[in-house]
Amino acid sequence: MARTALVTGGSRGIGAAISKALKAEGHTVAATYAGNDEAAAKFTEETGIKTYKWNVGSYEDSKAGIAKVEEDLGPIDIVVANAGITRDAPFHKMSPEQWQEVIDTNLTGVFNTIHPVWPGMRERGFGRIVVISSINGQKGQFGQVNYAATKAGDLGIVKSLAQEGAAKGITANAVCPGYIATEMVMAVPEKVREAIIGMIPTGRLGEPDEIARCVTFLTSDDSGFINGSTITANGGQFFV
Ligand code: CAA
């Protein structure tokens, strides 16, 4: 069934692939972005997918933004909490600001994205929530105490929501991408990145579409019995 879907961080990287894949499934998609107006305008021009600008770290902005999306496109039945940032540094160099920025976007941002749509999903008796976590939330990563903490926390959100939403027809699942060929991974120093690729049995970075495919599976109407699970898509780099 065609539904309305919200994808945070949906105009670039993995999020853009998810937005396009959900559109290809027949859904009406709203993609949010935080700052890059130019990339968002280009994305809309190329895909016809509407973009909305707000900071997922702000509850008030998220609530107002989501109200506007629902006014424009109808009740949101599918939420993909994808927006995420890195502020990598070894722990001894990590500042409280680097800690807080990542917590605000990657963890509080997930709360802020889901909380405003939750009552409507409960009332309608249907909802599909997917949170994009990370391999590094499962295994930890040198230089990512902040990021790994948020991505592990996201899995806790999903497992709890799965239990709370089940009786109301809502599922909540996570996808844990490994290292995917996006700007975020390309920002890792080349030498470090090459070393990481050496640790991936598949021998390459993943493609954004390979993550999007997990999301379309989890958000389909007939995935109702898959709830509280984590799909790991990392080229065999790490097994839970
Ligand atoms: N394991 C063990 N030691 C390491 C290490 C590692 N992975 N990386 C660096 N070190 C060591 C260095 O060898 C160095 O040791 P010495 O001081 O004895 O020489 C020390 O740590 C400091 O290294 P640097 O001088 O390189 O420190 P830095 O402050 O310049 O940078 C860093 C450190 C920011 C963590 C950098 O190594 C880095 O960016 N690493 C990649 C982190 C990463 O994987 N991020 C993922 C981004 S993509 C993403 O997050 C998406 C996703 O979900 C997968």
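Keep in mind that what you see is a predicted model, and the values were worked out from it rather than measured. Order of appearance sets the numbers: ligands from 1, and atoms from 1 within every ligand.
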Any donor-acceptor N/O pair, [X] side chain to [Y] backbone, under 3.5 Å:
X    : Y    : answer
K23  : I49  : no
T51  : T32  : no
S133 : D154 : no
S19  : G10  : yes
S223 : I226 : no
N82  : V131 : no

query = Of the non-hydrogen atoms in G235 and T202, which two are nearest, and what is the gap between them?
reply =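 In terms of heavy atoms, the two residues are closest at O-OG1, 2.8 Å.
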Which residue and heavy atom of the protein sit nearest [atom], plus the separation:
atom                    : result
atom 43 (C) of ligand 1 : D88 OD2, 3.6 Å
atom 49 (C) of ligand 1 : M184 SD, 3.8 Å
atom 50 (O) of ligand 1 : Q144 NE2, 2.9 Å

ask   = Would you say I180 contacts ligand 1, with heavy atoms under 4.0 Å as the rule?
value =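 The answer is no, since I180 has no heavy atom less than 4.0 Å from ligand 1.
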ask   = Is G178 in contact with ligand 1, taking contact as a heavy-atom separation below 4.0 Å?
value =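 G178 counts as a contact of ligand 1 under the 4.0 Å cut-off.
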Once rounded to the nearest 0.5 Å, what's the spacing between atom [atom1] of [X] and atom [atom2] of [Y]?
X    : Y    : atom1 : atom2 : value
T113 : F111 : OG1   : CZ    : 10.5 Å
N136 : F238 : CG    : CZ    : 9.5 Å
N112 : W54  : CG    : CH2   : 11.0 Å

query = Is the closest N or O pair between T86 and ligand 1 shorter than 3.5 Å?
reply =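 No: no nitrogen or oxygen of T86 is under 3.5 Å from one in ligand 1.
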When you measure from [atom] to each heavy atom in [options], which option holds the nearest one?
atom                    : options                : value
atom 48 (S) of ligand 1 : V102, I196, N234, V185 : V185
atom 27 (O) of ligand 1 : M199, R87, K93         : K93
atom 31 (O) of ligand 1 : S133, P90, G13, A89    : P90
atom 47 (C) of ligand 1 : V192, L205, V188       : V188
atom 5 (C) of ligand 1  : Y179, F142, Y147       : F142

query = Quick one: does ligand 1 sit under 4.0 Å from the side chain of K151, the backbone, both or neither, non-hydrogen atoms only?
reply =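 Contact part for K151 vs ligand 1: neither.
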ask   = Which bit of P189 is near ligand 1, meaning a heavy atom under 4.0 Å away: side chain, backbone, both or neither?
value =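 Looking at P189 and ligand 1, just side chain atoms fall under 4.0 Å.
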Could you tell me, atom by atom, which parts of ligand 1 come under 4.0 Å of a heavy atom of [X]?
X    : result
Q141 : 42 (C), 43 (C), 44 (O)
G143 : 35 (C)
N136 : 54 (C)
S134 : 52 (C), 53 (O), 54 (C)

Cationic N near anionic O, under 4.0 Å, E210 to R204 =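 Salt bridge flag = yes for R204 with E210.
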NZ/NE/NH1/NH2 to OD/OE distance under 4.0 Å, D209 and K20 =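 Answer for the salt bridge query: no.
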For [atom], is there a protein heavy atom at a distance under 4.0 Å?
atom                    : answer
atom 22 (C) of ligand 1 : no
atom 13 (O) of ligand 1 : no
atom 36 (C) of ligand 1 : no
atom 39 (O) of ligand 1 : yes
atom 7 (N) of ligand 1  : yes
atom 18 (O) of ligand 1 : no

request  = Check the side chains of N234 and T232 for a donor-acceptor pair under 3.5 angstrom, ignoring hydrogens and angles.
outcome  =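 No, no side-chain donor-acceptor pair sits under 3.5 Å.
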Flag if over 12 foreign heavy atoms under 6.0 Å of NZ, K53 =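 Count over threshold, so yes.
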